[in-house]
Amino acid sequence: MLRVRGLGSSVRRGAGVWTGPAVSLRRMIDPRLLTDEPETTAAALARRGVDADALVRLRDLDTARRGAIAALDAARAEQKAASKAIGQRPPEEREAAIAEAAVLKERVATLEAARDAAEAAHRDAFARIPNLPHPDAPDGDEGDGVVVRTVGERPALDGEPHDHVALLEGADALDLARGAKVSGSRFAYLKGEGALLELALVRYAVDVAQAHGHVPVVPPVLVREPAMYGTGFLPTDEQQLFATRDDELYLVGTSEVPLAGMHMDEVLDPSELPLRYAGISPCFRREAGAHGKDTRGIFRVHQFEKVELFSLVAPDDGDAEHERILATQLAILEGLGLHARVVDIPVGDLGASAARKFDVEAWIPSQGAYREVTSCSDTTDYQARRLRIRMRVDGGDNTLVHTLNGTALAVQRTIIALVEQHQRADGSVAVPDALVPHLGREVLFAR
RNA sequence: GGAGGCUUCGCCUAGUCUGGUCUAUGGCGCGGGAUUGCUAAUCCCGUUGGGGGCCUGUCCCCCUCGAGGGUUCAAAUCCCUCAGCCUCCGCCA
């Protein structure tokens with residue numbers, strides 16, 4: 001049970017450029033779990049394919065690491081005492097004392113190297129361990145997801161549905177050819193009603209997010225390495241990132257990165273939690289390895305606009321916040337009159353940082369399939385550990401917060417679902433009521 | 001892009017020139033206590049964060065003065081690199 005104290009906010013400043021050991025920030029679970037709860041930890045990680053022997057080796061590395069630290073600390077204490085004594089002696093006695101202390105210096109250097117080696121070995125081993133899965137997340141691998149909920153009705157369309165490319169290009173709201181000419185494949189122009197639709201969707205999603213307690217934020221979309229490492233996109237997903245050539249900056253693939261990074265190296269006061277943000281930003285993804293997938297239209301593009309929900313909460317509030325984020329996402333889709341289903345993602349298909357994830361898949365009439373339009377993840381303390389985002393605890397040790405993220409609205413994919421589900425026989429699209437005030441019209445692409 | 005100044009444990013601040021007595025000064029704020037008594041005052045104690053140890057204690061040790069590295073028996077203090085903030089100039093939306 002956490003007791004809270006009502007202090008003002010405290011923000012550690014002056015972190016400066018991040019030059020620390022990059023690898024130590026990679027995927028990390030709490031090392032103490034291995035000594036305090038070895039059995040439950042092993043059982044939980046076994047679900048994700050981590051074998052028990054690896055955990056035993058990990059625990060041994062931790063023991064070795066702590067031993068090396070203790071040995072170094074003891075030697076350093078001795079050396080410090082010797083140095084201090086020199087300053088208090090008369091000058092004529094100093095020469096001999098300095099010679100003695102010089103030996104201690106050597107020993108400290110040796111033990112320091114041993115400590116560094118032990119920590120590196122420990123760190124590298126821990127880097128391969130994914131987050132503990134949530135007990136309620138289903139077993140299995142990709143494809144074993146469990147449909148837990150459905151919203152809206154599958155639309156009854158007359159005849160063969162047009163796909164989004166036909167609908168949008170037919171109304172001169174999308175220009176793929178010129179996108180490719182100027183920037184290459186997977187780039188597009190939204191123009192006319194297409195551009196207005198983006199603005200309306202963003203504004204609508206921000207309004208709903210705000211009503212659910214999320215503060216709108218326009219974040220930086222170029223970030224430095226620490227934010228990428230801290231959120232887990234580096235080094236694992238490096239091939240997915242666009243980077244700038246001369247400035248050591250990365251373009252974000254989601255505003256989750258700058259939103260999570262915002263509180264890096266801070267100790268938050270419990271009274272300011274939960275912190276809820278709605279990031280509004282373009283997102284940039286290289287889509288390496290997706291050659292040939294979703295090549296038609298704007299389902300999978302290198303640049304898209306997204307409103308992202310992000311929450312920082314006290315550890316005990318993670319489950320409730322996950323539900324809350326999902327509810328907000330569904331409210332946004334329902335307001336748009338869209339039919340979609342929620343899939344509880346199996347542990348074998350989770351990213352390293354997620355303990356549990358729900359994908360929300362909208363019905364795409366032209367494909368006769370449900371396709372992912374949003375998702376939300378509970379990353380428990382995994383990102384917080386790497387970003388060092390903590391919460392003050394009265395009468396105890398400060399503790400890591402939990403972070404959660406979910407898509408409020410990904411513009412391009414939502415446009416696809418919206419124009420396809422609400423299309424009419426003549427190629428026009430009925431605008432859902434909730435969007436009318438933001439769009440200023442009831443019908444799109446009218447002939 | 002150019003020139004200069006700055007960065008100390010919540011906030012402000014002393015210390016840096018001249019390395020050791022810095023176990024970092026003082027004020028504010030905050031927490032606890034005492035006393036006097038009454039819209040309050042005074043005094044005392046505590047108050048950065050991280051890590052390690054065992055004799056698990058009002059305990060001990062290590063690291064932390066923007067970050068990283070170096071010199072030295074010894075670094076807040078000397079040297080190098082980087083970051084951030086401020087002022088002025090240039091450029092720009």
Side-chain angles (χ1 to χ4, degrees), chain A residues 3-25 28 30-32 34-36 59 61-120 122-123 126 218 220-227 229-230 246-249 261-272 381 384-401:
Chain A
R3 283 172 301 153
V4 301
R5 169 202 272 178
L7 291 176
S9 80
S10 69
V11 172
R12 288 201 59 186
R13 50 187 276 262
V17 70
W18 177 88
T19 47
V23 276
S24 75
L25 298 178
M28 271 286 218
D30 187 346
R32 271 177 291 234
L34 296 176
T35 44
D36 296 354
R59 199 199 51 208
L61 286 169
D62 190 41
T63 306
R65 173 187 142 264
R66 291 206 313 271
I69 290 171
L72 172 63
D73 282 359
R76 194 127 59 184
E78 201 182 329
Q79 197 222 2
K80 278 181 67 170
S83 290
K84 185 164 280 189
I86 290 171
Q88 286 155 356
R89 290 204 198 174
E92 64 272 18
E93 288 178 23
R94 286 189 183 181
E95 201 63 32
I98 286 172
E100 274 175 52
V103 179
L104 296 175
K105 183 192 182 184
E106 303 272 314
R107 201 164 122 241
V108 167
T110 305
L111 289 170
E112 203 162 24
R115 192 269 322 257
D116 289 347
E119 292 210 314
H122 172 262
R123 178 203 310 141
F126 260 87
V218 175
V221 295
L222 286 164
V223 301
R224 294 205 294 230
E225 261 191 351
Y229 272 99
D246 297 326
D247 298 289
E248 293 175 15
L249 291 168
M262 197 161 28
H263 293 290
M264 169 166 68
D265 284 310
E266 293 182 14
V267 180
L268 303 168
D269 191 272
S271 65
E272 50 187 338
D381 63 2
R385 178 167 294 106
R386 289 181 300 197
L387 291 165
R388 299 167 303 278
I389 305 175
R390 302 185 301 274
M391 181 183 90
R392 199 172 303 289
V393 174
D394 191 20
D397 292 333
N398 292 344
T399 186
L400 296 164
V401 302

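So that the names make sense, note that chain A is the first sequence line, chain B the second, and so on, each numbered from 1. Being a predicted model, the structure only gives us computed values, none of them experimental.
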Rounded [atom1] spacing from [N] to [M] in Å:
| N | M | atom1 | result |
| --- | --- | --- | --- |
| B/G1 | B/G19 | P | 37 Å |
| B/U18 | B/G10 | P | 30 Å |
| B/C79 | B/C86 | C1' | 26 Å |
| B/G49 | B/A24 | C1' | 16 Å |
| B/U77 | B/U21 | P | 13 Å |
| B/U42 | B/G50 | P | 34 Å |
| B/G27 | B/U13 | P | 16 Å |
| B/U36 | B/C55 | C1' | 45 Å |

Q. Can you check side chain to side chain contact (heavy atoms under 4.5 Å, CB included) on A/V401 and A/R390, steps first, answer last?
A. CA-CA 5 Å; A/V401 302; A/R390 302 185 301 274; 5.9 Å; no
In whole Å, I'd like the distance from the [atom1] atom of [X] to the [atom2] atom of [N].
| X | N | atom1 | atom2 | answer |
| --- | --- | --- | --- | --- |
| A/D265 | B/G66 | CG | C1' | 12 Å |
| A/E95 | B/U72 | CD | C1' | 13 Å |
| A/E266 | B/G10 | CD | P | 14 Å |
| A/L104 | B/A74 | CG | P | 10 Å |
| A/M391 | B/G49 | CE | P | 14 Å |
| A/E225 | B/G68 | CD | P | 16 Å |
| A/R76 | B/C73 | CZ | P | 17 Å |

(Q) Taking any heavy-atom pair under 4.0 Å as a contact, classify A/E100: base, sugar-phosphate, or nothing. (A) nothing
With a 4.0 Å cutoff (strictly under), does any side-chain N or O of [X] reach OP1 or OP2 of [N]?
| X | N | value |
| --- | --- | --- |
| A/R392 | B/G49 | yes |
| A/Q79 | B/C73 | no |
| A/K80 | B/C73 | no |

Look for any protein N or O under 3.5 Å of an N or O in nucleotides 50-53 of chain B and output each such pair with its distance, or none.
{"from": "B/G51", "atom 1": "N2", "to": "A/D73", "atom 2": "OD2", "distance (Å)": "3.2"}
{"from": "B/G53", "atom 1": "OP1", "to": "A/R66", "atom 2": "NE", "distance (Å)": "2.9"}

Can you tell me the Watson-Crick or wobble partner of [N], both distances under 3.5 angstrom?
| N | value |
| --- | --- |
| B/C91 | none |
| B/G31 | B/C45 |
| B/U7 | B/A83 |

Q | Pairs flagged by side chain to side chain donor-acceptor pair (under 3.5 Å) wherever residues 100-109 of chain A is involved - sequence neighbours left out | A |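 Counting only pairs at least two positions apart or across chains, no side chain to side chain donor-acceptor pair (under 3.5 Å) contact touches residues 100-109 of chain A.
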Q. Under the side chain to side chain donor-acceptor pair (under 3.5 Å) rule, what pairs show up with a residue in residues 110-120 of chain A, not counting sequence neighbours?
A. A/R76-A/E112
Q | For the student: nearest non-hydrogen atoms of A/I86 and A/A101, plus distance | A |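 Minimum heavy-atom contact is CD1-CB, 4.1 Å.
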Q.
I need the minimum non-hydrogen distance between A/H263 and A/I389, along with the two atoms involved.
A. O-CG1, 3.3 Å
Mind checking the [atom1]-[atom2] spacing from [X] to [Y]? Nearest 0.5 Å is all I need.
| X | Y | atom1 | atom2 | value |
| --- | --- | --- | --- | --- |
| A/E272 | A/M391 | CD | CE | 11.0 Å |
| A/E266 | A/M264 | CD | CE | 9.0 Å |
| A/R388 | A/N398 | CZ | CG | 14.5 Å |

Q | Proximity to RNA chain B (any heavy atom under 4.0 Å), residues of residues 107-117 of chain A only | A | none
Distance-only donor-acceptor pairs under 3.5 Å for side chains of residues 65-75 of chain A, two or more places apart:
{"from": "A/R65", "atom 1": "NH1", "to": "A/D62", "atom 2": "OD1", "distance (Å)": "2.5"}
{"from": "A/R66", "atom 1": "NH1", "to": "A/D62", "atom 2": "OD2", "distance (Å)": "2.9"}

Q | Under 3.5 Å: donor-acceptor pair, side chain of A/R386, backbone of A/G230 | A | yes
Please list, pair by pair, any protein nitrogen or oxygen found under 3.5 Å from a nitrogen or oxygen in nucleotides 16-22 of chain B.
{"from": "B/G20", "atom 1": "N2", "to": "A/S83", "atom 2": "O", "distance (Å)": "2.6"}

